[in-house]
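In what follows, chains carry the letters A, B, and so on, assigned in the order in which the sequence lines appear, proteins first and then strands, with residues in each chain numbered from 1. Predicted, not measured: the structure shown is a model, and the values here were computed from it.
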Protein chains: 2
Amino acid sequence: MGYNVMSATCPSRVVLHRIGARWTVFVVNALEDGPLRFTALVARIQGVTPKVLTETLRTMQEDGLLTRVDYAEQPPRVEYGLTDLGRSLLVPLRAVREWAEAHVPDILDARERARNPVSRPESEPTR
Amino acid sequence: MGYNVMSATCPSRVVLHRIGARWTVFVVNALEDGPLRFTALVARIQGVTPKVLTETLRTMQEDGLLTRVDYAEQPPRVEYGLTDLGRSLLVPLRAVREWAEAHVPDILDARERARNPVSRPESEPTR
DNA sequence: CTGGATCCTCAATGATACTG
DNA sequence: CAGTATCATTGAGGATCCAG
C-alpha cells in the first residue's frame, strides 16, 4: 500500500521501468511453459541478440523473476525459468502480449489514417 | 489470429514495442478518469519532461490510442483523452501498474539478496 | 501564460565477431 | 553451448528558446 507509480521518487517507478525494459515481456512469455536454455530462448525470441538477452536475464534474475541453473556439464547447460514472482508477473504480461497480437489491425489502420488524411468527411475543427 | 510477437517480422512486435515505450503505460493510466490537459499530464506523471511527453503523445495519437482536441482558445487549451482502443489497452496496462505497485517489496528484497549473498543456509548448488 | 520545438548529451540498444 | 568484446545506432533526458 502507498506505492504510486506516478510519483517520480516512488520505488514502484523503478519496478515499472524494469518491467517495461524492452525484452522483459518477451522473456516472461517465452518461459510460460517451463524453463529453457539460453540458446532456446534466443531461438524462440526472434530478433534478440545474445548480448541483450544476457543483460535482460541478469537483471531479471537480480530482481527475483528468474532462476538460473547451471548444470556445470560439458557441453555447458544452463536453464532459465520463472520464479513464483516471475509467474505472477506472467499474468499481466501475457495479457499485454495478447492485446498486442489482437489489436495489430487497429493500430495499423490508425497509423495509415494518420499518414493519409484520407477523405475526412469534413467539418472537424483541425483534427 | 496468426500474429505472434515472438516472430521478429510480425507487426505485433512493433505494436508491443510501442506499448513498452517507457511512458506509454503512464499516459494510459493517467488518463483513465478522463481527458487531461498537457500541463495536467506533466504534473500528474511526475518526472516526465515536456519534450518526451510530447513525443509520446504524438506517437500514441498516430497509433489511434489518444484523441487530441485543440480548443483554439486564448489562452491555449488542448485536451488529451483515450480512444476506445486506448481504453481497451488500459485494462492490461492498469494490471501491470498494479503489479508493479504491489510487488515493490518482493523486488527490493530480491535485489538486496542478490547484492548481499547473505548467510545462504548452505548446500544449494550454485544457483 | 500554455503548449510546444530545438540543440545537445549520454545511457540503453543493437550488429557483428570472437572466446572459455 | 553459453556467453563476451567491440563498435555503431537509437532513444531518453536536460536545458533552452519560441509562438499564439
Spacing between [X] atom [atom1] and [N] atom [atom2], to the nearest angstrom:
X: B:Gln74; N: C:dG4; atom1: CD; atom2: C1'; value: 14 Å
X: A:Arg18; N: C:dT13; atom1: CZ; atom2: C1'; value: 16 Å
X: B:Asp70; N: C:dG4; atom1: CG; atom2: C1'; value: 11 Å
X: A:Arg77; N: C:dG20; atom1: CZ; atom2: P; value: 24 Å
X: B:Tyr71; N: C:dG3; atom1: OH; atom2: P; value: 12 Å
X: A:Glu55; N: C:dA12; atom1: CD; atom2: P; value: 9 Å
X: A:Leu53; N: C:dA12; atom1: CG; atom2: P; value: 18 Å
X: A:Lys51; N: C:dC18; atom1: NZ; atom2: P; value: 17 Å

*For the side chain of A:Val52, starting at C-beta, report the closest nucleotide among C:dT13, C:dA5, C:dG3.*
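Of all the options, the side chain of A:Val52 is nearest to C:dT13.
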*Would you indicate which nucleotide in C:dA5, C:dG3, C:dA15 comes nearest to any side-chain atom of B:Arg37?*
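The listed nucleotide nearest to B:Arg37's side chain is C:dG3.
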*Short question: side chain of B:Ser12, backbone of A:Ala100 - any donor-acceptor pair under 3.5 Å?*
no
*Short question: side chain of A:Thr24, backbone of A:Gly20 - any donor-acceptor pair under 3.5 Å?*
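Flag not set: sc A:Thr24 to bb A:Gly20 has no pair under 3.5 Å.
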_Verdict with supporting geometry, A:Phe38 and A:Leu57, side chain to side chain contact (heavy atoms under 4.5 Å, CB included)_ = CA-CA 9 Å; A:Phe38 187 88; A:Leu57 293 174; 3.9 Å; yes
*Should the ring pair B:Phe26 and B:Trp23 be called parallel, tilted or perpendicular, given that the plane angle runs from 0 to 90° and is split at 30 and 60?*
tilted
*Look at B:Asp109 together with B:Arg111 and state whether they make a salt bridge at an N to O cut-off of under 4.0 Å.*
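A salt bridge is absent here (no side-chain N lies under 4.0 Å from a carboxylate O).
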*Should B:Arg22 be listed as having a side-chain N or O under 4.0 Å from OP1 or OP2 of C:dA12?*
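Result: no.
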*Determine: side-chain N/O of B:Tyr80 to OP1/OP2 of C:dG4, distance under 4.0 Å, yes or no.*
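True: B:Tyr80 side-chain N/O within range (under 4.0 Å) of C:dG4 OP1/OP2.
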*Among A:Glu101, A:Gln46, A:Arg97, the one residue meeting side chain to side chain contact (heavy atoms under 4.5 Å, CB included) with B:Asn4*: A:Glu101
*Can you name the one residue among A:Val14, A:Ile19, A:Val15 that meets side chain to side chain contact (heavy atoms under 4.5 Å, CB included) with B:Ile107?*
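Of all the options given, the one that passes is A:Val15.
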_I want to confirm an ordering. Mapping B:Thr39 and A:Ala21 to their closest nucleotides on DNA chain C, which one lands closer to the 5' end?_
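Here B:Thr39 is the residue nearer the 5' end.
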*Go through DNA chain D in 5' to 3' direction and return only the first and the last nucleotide with some atom under 4.0 Å of chain B's heavy atoms.*
D:dA12 to D:dG20
*Starting at OG of A:Ser88, measure out to NE2 of B:His103 and round the result to the nearest 0.5 Å.*
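It comes to 4.0 Å.
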*State the OH-CZ distance between A:Tyr80 and A:Arg37, to the nearest 0.5 angstrom.*
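If I round to the nearest 0.5 Å, the distance is 11.5 Å.
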*In degrees, rounded to 10°, what is the bend between the two ends of the helix from C:dC1-D:dG20 to C:dG20-D:dC1, using five pairs at each?*
40°
